[in-house]
Every structure is written in C-alpha cells, then in structure tokens.
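Some notes on the structure that comes next.
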Amino acid sequence: MSTPTDKKTEANGVTRRTAVKALGATLGAAAFAKAMAPLKSWTSELSVDEFLQKHYRELTPEAMQEVLRRLEQNTLEQYGAEVTIEDLPPIEGVQFGYALNLSVCTGCRKCAEACHKENNHDRATNNSYIRVLEMEQGSMDMERGTAAYDHAVPAPGKFYMPVQCHQCDNAPCVDVCPVQATWKEKDGVVVVDYNWCIGCRYCEAACPYHARRFNWKKPEIPAEEINPVQAYLANRIRPKGVVEKCHFCLHRTRKGKLPACLEACPTGARVFGNLLDPKSEIRWVLENKRVYVLKEELGLRPRFFYFFD
Amino acid sequence: MSNAPKEQPHYLSYPRFIWRSLVLATDGSIVFYVWMTFLTALALVGANAYAHQVVEGMAITNMTDHVSWGLYIANFTFLVGLAAGGVMMVIPAYLYDDHEMHDVVIIGELLAIAALIMCLMFVVVDLGRPDRFWHLIPGIGAFNWPVSMLTWDVIVLNGYLALNLHIVGYLLYTRFVGKTPDKRWYLPFVFMSIAWAISIHTVTAFLYSGLGGRPFWNTAILAPRFLASAFVAGPAFIIITLQLVRWFTKLPVGNGPIRTLTTILRVTVLLNLFLLGSELFTLFYTGGHHAASAQYLYFGLHGYNALVPWVWTAIVFNVVGATMFLHPRSRDRWAWLNVACVLVFVGVWIEKGMGLIIPGFIPSTLHEMVEYVPSLAEWKVSVGIWAFGLMVYTVALKIAIPVLTGQESLARMNAEPEPDEDMGAAE
C-alpha cells in the first residue's frame with residue numbers, strides 16, 4: 001500500500017502498520033477467492049454466445065438458426081440426446097382457446113402425466129404444468145379442494161378441476177416481467193424466452209392460477225426419455241434458474257396437432273381449437289354450454305374455460 | 001485549514017481525497033480491526049453459500065413454486081425501509097433548520113447508501129440467472145418500463161443511491177479541501193432525496209399491492225404501512241448508531257438529534273400499529289378468503305402455523321417498544337431508549353420481512369398449503385449480506401467523521417507528516 005510519492009511513508013520505509021494492512025488485504029483476497037471457488041464449475045458451463053444472445057424478438061432468422069443449432073448441440077453434450085429444436089411462429093388467423101368439461105373429468109391425472117413427458121420436465125420433481133384439484137361437490141371453493149389426493153378416482157362426493165395456464169389476454173405475469181422475457185403471442189399463447197429470463201420469479205408471484213414453474217435446479221431426464229421434437233418457446237429442456245409455463249403445446253398445436261394433455265385424456269373432457277373458426281368444437285362449446293371462468297372477477301380474460309354438461 | 005498555501009486544482013486534490021479515504025478506511029484501532037475481521041468472516045461465509053447456490057441452483061434454498069420468494073426478498077423489503085428511514089434526519093435538518101441534526105445528518109445519508117447496497121445484493125442473490133443481470137439495464141437490455149413495477153424499483157433504488165452518493169461525496173470533498181459547499185450543488189439534490197425516499201418505499205409496496213391474485217398484499221394501505229414502519233426502523237437504528245459514534249469518535253453528537261428522533265419514533269410507532277390494526281380489522285371482520293393468509297400468519301390455518309410464534313414476537317416487540325418510547329424514561333435513560341429501539345427494529349424486521357412476504361404465498365393461489373422455513377444456505381447468504389452492509393457503513397462513517405470534524409483535510413495532509421498514531425503500532 002505504499003507509494004513512492006508518499007513522503008510520509010518514505011521517512012521510515014514501509015511502516016509496520018502498512019505491512020500488516022498488506023498482509024490483511026492478501027489474506028482477505030485469498031479467503032474471498034476460496035469462498036467463491038465453487039463458481040469455477042459454473043463459469044465452465046457458460047458460453048460467451050449464450051451470454052450475449054439477444055432477446056428472442058431481436059434475433060434475425062440466421063441468428064435464430066445459430067441459436068437453435070447451439071441448443072441442439074448443448075442437449076447432445078449435456079443429456080446425450082439427439083433432438084431437433086424448431087422456432088415455430090404463430091399461424092395467421094388462429095387464436096387458440098381451451099375448454100374443459102368439469103362434468104366428465106375423473107381426476108385420473110393422465111393429462112398431468114402426459115404434460116410431464118411431452119414437455120421434458122425434470123423427472124425427480126415429477127413436474128407438470130397441470131395441477132388437478134379434487135373438489136367437493138356443491139362448492140367451487142378451492143379452499144375445500146386439494147391437489148394432494150391419493151386414492152381411487154373418481155371418489156364419491158367429489159369432482160375434479162385440472163388447472164393450468166389460462167393464457168390470459170390481460171396477463172399479469174407479462175406485465176410484471178422486468179425484462180420482457182415473457183409475452184403474449186399473436187395466437188394468444190403466453191410464452192417465455194428461457195434464454196432471456198433472469199429468474200426473478202415476479203411472474204410466479206403475479207399469476208393467480210399457479211401456472212408458472214421455476215427451475216430450482218438443472219432438470220434431469222434420462223436420454224431415452226427425452227422427447228426429441230422440440231421448439232424454442234416450448235418444450236426444449238429448460239436451463240437452470242429460469243421460469244417456464246404451459247404453452248398450449250405450441251410445438252404441436254402450431255403444426256395442426258392437439259395438445260398432449262388433450263390426447264391423453266381418457267374421458268374426452270378437453271376441447272381445444274381455433275376461436276376464430278366458427279365451425280370449431282371450441283366455438284360450439286363456448287356458444288352452447290354453461291361456461292365457467294375461474295377467478296373471472298380478476299378481469300384477466302383467460303383463454304381457458306370450464307364447462308358443464 | 002489556514003495553512004493551505006494555494007488552491008490545488010480538482011484533478012490533483014480529488015485523487016488525494018480518494019487516497020486519504022482509502023487510508024482512513026483501512027486504518028483504525030484494535031476494536032476497528034476486530035469488528036471488520038468479524039464482519040469479513042461472516043461476509044465470506046455468505047459469499048461461499050452464494051457460490052454454492054449459483055452452481056447447484058436455487059434448490060439449496062427452501063423456496064418452492066408455492067412460496068417463490070423467501071428470506072431474501074423479505075430482507076430486501078425491510079432494507080428499502082431502512083434506506084428510506086434515514087430521511088427522518090434529513091427532514092428536520094433541512095426543512096426545519098435543526099442545526100444539531102444538520103451536523104450529524106450524514107449518518108442517515110450513509111445509512112441509506114449502505115442499506116441500498118444491501119437491497120441490491122438481496123435482489124441479485126434472489127435471481128435465478130445473475131449472469132443475465134444486464135437484461136435489466138435500460139438501453140442494452142429489454143427494460144419493461146413503465147408497465148413492470150420492478151423496473152420502477154430498479155430506477156428509484158439506483159436513483160436514490162446515486163443521489164445520496166452525490167450529496168455525501170460532494171459535501172465531504174468540499175469539506176476536505178476546505179471550501180464552503182456551493183448550495184446549488186447539493187441543496188436541490190437534498191430536497192429531491194426527501195421526495196425520493198418516500199418514492200422508494202412506495203414503489204416497493206406497489207410491487208406487492210399491485211398483484212390482484214394475492215389478496216394479502218392487494219391492499220391500498222400497504223404503501224402507507226411500509227412508510228410508517230420504515231420511519232420506525234430507520235430512526236431506531238440511527239439512535240443507536242449516534243450513541244456508538246459519540247462513543248467511538250470525536251464527532252460531537254449532541255442529545256438534540258437523539259431527542260428529535262425519539263420524538264419522531266413516538267409518533268411513528270403508534271402510526272405503524274394503527275395502520276396494522278386497521279388492516280387486521282378489515283381482514284378479520286370481513287373474513288372469508290381475503291383473510292386466509294392473515295389467519296395463517298396469526299393463528300395458523302388447517303394445522304399449519306410455522307409463522308405464528310414469529311409474528312406474535314413481532315407484535316409483542318412492537319407494542320412493548322411503543323410503550324417504552326411513550327414512557328418519559330425514554331428521554332433520560334439511555335439503556336431504556338436503546339432497548340426500545342432494538343425491540344421495534346426487530347419487530348419491524350419480522351413484521352414486514354418474513355411476516356409480509358411469506359403469508360402472501362400461503363395459502364397458494366390454488367389454496368394449497370405449502371409452508372416455508374429458510375434453509376441454512378439462505379441464512380448464510382442473508383447474514384453475509386448484512387455483514388457486508390455493516391462493513392460498508394462502518395467504513396463510510398470511518399471516512400466521513402474525521403473529515404467532518406476537520407481532523408482530516410487537504411491542508412493537514414500538506415502540512416504534517418502522517419502521525420504514526422494509536423494502538424496498531426504499540427509493541
């Protein structure tokens with residue numbers, strides 16, 4: 001800490017105090033380096049390209065292709081699985097809507113299981129974008145329901161209400177995001193750029209439907225169980241530390257297929273389709289059935305509807 | 001100062017000011033070294049826990065998708081209040097021309113700086129992707145302003161930090177070089193900082209109160225409550241700091257500022273309790289789902305009651321503290337006053353930290369009951385940040401006080417060889 005121009009220290013060379021300070025500073029720096037040493041294994045995981053990657057909506061088509069190839073390569077290296085990751089834009093003239101028949105749902109949770117597999121969720125946590133609530137007959141009060149039921153279904157005196165992202169038109173999760181990492185697409189799907197999210201989880205606090213999930217650790221899936229048909233804004237394996245959510249299986253639905261949860265449903269409780277198509281089943285349901293919107297009073301205008309026979 | 005022969009240009013005197021500050025920051029009595037070593041050790045434990053969190057993921061915290069904010073955001077919220085609380089020295093000093101307060105107001109401004117640094121650290125450790133922090137920087141990131149309240153918070157917190165750094169830095173530097181500060185260079189900023197102090201805590205309250213899906217937070221009284229409790233915790237902390245400063249340094253701290261702050265506290269403790277009472281009345285008299293979180297917090301719900309002893313501790317501390325402030329002894333017995341300060345400080349820390357953040361998530365939006373108790377890693381990181389913040393505050397006071405008292409100045413630096421002072425050199 002001595003400088004040659006400092007005349008006071010010059011007088012008696014390096015003072016004892018300065019020497020002790022230098023020793024203290026060295027020890028402190030060494031201890032700090034030791035404390036932060038675990039970070040080494042983290043920085044080795046990070047690539048400069050990933051760090052500098054732009055927001056989804058600012059990527060040129062060429063840059064997007066580079067990102068997709070890099071992500072495929074990463075999946076191969078980290079999970080040992082060959083996958084294809086596409087960037088699928090919304091289809092013109094399509095507005096997705098989803099309806100679920102509460103009169104026939106039996107609470108078997110096949111939808112949640114299908115979501116788990118389709119969307120490459122972490123195996124250990126058995127994550128899924130769908131939570132099925134067992135509700136008491138005669139009440140729509142969720143406080144009297146439970147997601148933790150463990151018995152044969154349907155149980156007497158109960159009905160079942162699967163809850164997933166409602167893809168609100170007036171989505172609070174989108175509003176609160178400080179970095180625009182989540183937004184509403186033209187077809188009504190609320191998506192997340194997993195490579196832009198900073199992981200503050202404000203959206204998780206804002207969502208009234210418990211639709212969002214955070215990657216508390218790196219997802220683990222055996223290579224042979226990985227669904228190789230993936231899309232950037234959809235079911236590609238999410239990085240650690242970011243938020244994810246139901247995207248109406250856009251890697252399927254934007255190619256004309258149905259969501260995995262719908263295909264898995266044994267009772268036909270689920271109806272999915274284009275709200276702009278007057279001949280679609282979803283339109284017929286919304287026009288002819290008794291429709292219930294969960295937490296409608298919050299004014300979020302969901303794209304997800306419940307109905308009764 | 002009279003022996004300053006000629007004026008140095010700023011490009012020469014400013015580096016010398018910085019250099020002298022560095023020397024002052026690392027020089028001191030044995031007590032100072034022990035204190036700083038102790039804080040360094042705690043900060044390093046926190047840094048190590050944080051490094052593990054970054055590598056292994058936030059799974060080493062006890063937060064879940066149900067309770068997605070925990071101890072970090074609780075401390076963040078409290079510390080925004082502490083930063084705003086310093087304004088209770090600025091207002092008497094500058095708006096009411098309280099000269100005694102004016103002499104020590106820097107202690108409140110430095111507290112704001114230290115608290116804000118801790119706030120920013122608590123936000124960063126709560127991020128799942130700290131490497132993407134730059135996405136939050138306006139211009140190069142994708143700043144979702146004005147819709148996201150979090151972007152407002154980024155602006156007001158950093159703005160408040162910049163304001164206080166400027167005010168303190170300017171006043172100390174002019175003092176150091178022996179000039180009279182030019183009012184145009186600091187007074188407008190001081191007045192701006194008063195309004196700004198209110199804004200930081202208002203915006204932080206709006207973060208929560210704007211969420212329609214969380215009834216416990218979705219209340220218009222939240223911002224006023226935040227301010228009231230900030231003006232309890234801030235002055236309480238400062239009263240104790242003033243006594244420590246009087247004990248350890250040569251800064252003349254009169255009883256006036258302490259009395260003024262005690263007077264302020266006598267009002268704010270009651271205001272804080274009144275606002276809390278209004279909130280609880282509305283919740284419990286109305287009942288229903290709006291009260292579910294409060295039911296959980298104060299009495300337990302469906303057999304879950306992790307926060308009940310915690311929040312009643314806060315209530316007892318706040319009520320006992322308030323009673324002690326109102327007792328005449330708070331005017332002449334230091335121990336009495338200090339106990340009251342500690343009680344309300346801890347009381348507010350519980351009430352608007354864990355007591356506010358956690359019940360917002362319990363029951364969850366689908367009315368599931370998932371409880372939360374911080375993990376060891378979260379405690380380590382949090383203690384580490386507090387230790388670091390106290391280091392910042394100690395060092396800041398260490399630099400500021402001798403400059404304020406005139407013990408340290410450019411003139412002295414020019415005039416005398418460095419005295420090889422006190423205990424460090426004793427054999």
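Because only heavy atoms are used, hydrogens play no part in the values below, and waters and symmetry mates are left out as well, while side chains stay in. Letters A, B, ... mirror the listed sequences (proteins, then strands); counts begin at 1. Bear in mind that the values here come from a model prediction, so they are computed numbers and not experimental data.
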Pick one of side chain, backbone, both or neither for [X], based on which atoms fall under 4.5 Å of a heavy atom in chain A.
X: Trp152(B); value: neither
X: Met369(B); value: neither
X: Thr40(B); value: neither

Top of [options] for chain B proximity - count of heavy-atom pairs under 4.5 angstrom:
options: Pro172(A), Cys177(A), Ala37(A), Ala206(A); value: Cys177(A)
options: Lys34(A), Arg213(A), Glu50(A), Arg212(A); value: Arg213(A)
options: Val242(A), Leu133(A), Leu39(A), Leu298(A); value: Leu39(A)
options: His55(A), Met36(A), Arg131(A); value: Arg131(A)

Measuring only between side-chain heavy atoms, which start at C-beta, is [X] closer than 4.5 Å to [Y]?
X: Tyr202(A); Y: Leu207(B); value: yes
X: Lys40(A); Y: Val55(B); value: no
X: Arg201(A); Y: Met63(B); value: yes
X: Cys200(A); Y: Leu150(B); value: yes
X: Val154(B); Y: Pro178(A); value: no
X: Val147(B); Y: Val174(A); value: no
X: Asp193(A); Y: His135(B); value: no
X: Arg129(B); Y: Pro239(A); value: yes

Euclidean distance, [Y] [atom2] relative to [X] [atom1], rounded to 0.5 Å:
X: Lys21(A); Y: Thr26(B); atom1: NZ; atom2: OG1; value: 3.0 Å
X: Glu204(A); Y: Phe361(B); atom1: CD; atom2: CZ; value: 8.0 Å
X: Tyr209(A); Y: Leu366(B); atom1: OH; atom2: CG; value: 10.0 Å

Less than 4.5 Å to any heavy atom of chain B: does that hold for the side chain of [X], its backbone, both, or neither?
X: Glu58(A); value: neither
X: Leu27(A); value: neither
X: Val176(A); value: both

Do other residues, nucleotides or ligands put more than 12 heavy atoms under 6.0 Å from the [atom1] atom of [X]?
X: Tyr292(A); atom1: OH; value: yes
X: Phe388(B); atom1: CZ; value: no
X: Glu296(A); atom1: CD; value: no
X: Tyr79(A); atom1: OH; value: yes

Checking Ile198(A) against Leu136(B) for the side chain to side chain contact (heavy atoms under 4.5 Å, CB included) test, could you report, in this order, the C-alpha distance in whole Å, the side-chain angles of both residues, the deciding distance, and whether it holds?
CA-CA 9 Å; Ile198(A) 58 172; Leu136(B) 261 173; 3.9 Å; yes
Are there residues of residues 140-147 of chain A that reach to under 4.5 Å of chain B by heavy atoms, and which ones?
Asp141(A), Met142(A), Glu143(A), Ala147(A)
For a quick test of reading the model, state the closest non-hydrogen atom pair linking Ala205(A) to Ser68(B) and the distance between them.
N-OG, 4.3 Å
Over all atoms of both residues, closest heavy-atom pair of Phe214(A) and Gly128(B):
CZ-CA, 3.7 Å
With [X], which residues qualify under side chain to side chain contact (heavy atoms under 4.5 Å, CB included), at least two apart?
X: Thr60(A); value: Glu62(A), Ala63(A)
X: Val370(B); value: Thr64(B), His66(B)
X: Thr219(B); value: Ile221(B), Leu222(B), Glu279(B)

Against chain A, work out which of [options] has the most heavy-atom pairs shorter than 4.5 Å and name it.
options: His52(B), His289(B), Met149(B); answer: His289(B)
options: Val123(B), Leu44(B), Ile60(B); answer: Leu44(B)
options: Gly212(B), Ala59(B), Pro130(B); answer: Ala59(B)
options: Phe133(B), Tyr50(B), Trp134(B); answer: Trp134(B)

Lys240(A) side chain to Met58(B) main-chain N or O, any donor-acceptor pair under 3.5 Å?
no
Side chains of Asp65(B) and Trp216(A): donor-acceptor distance under 3.5 Å anywhere?
yes
Strictly below 4.0 Å, N to O, side chains only: are Arg17(A) and Asp27(B) in salt-bridge contact?
yes
Test: Glu56(B) and Lys218(A) ion pair at under 4.0 Å:
no
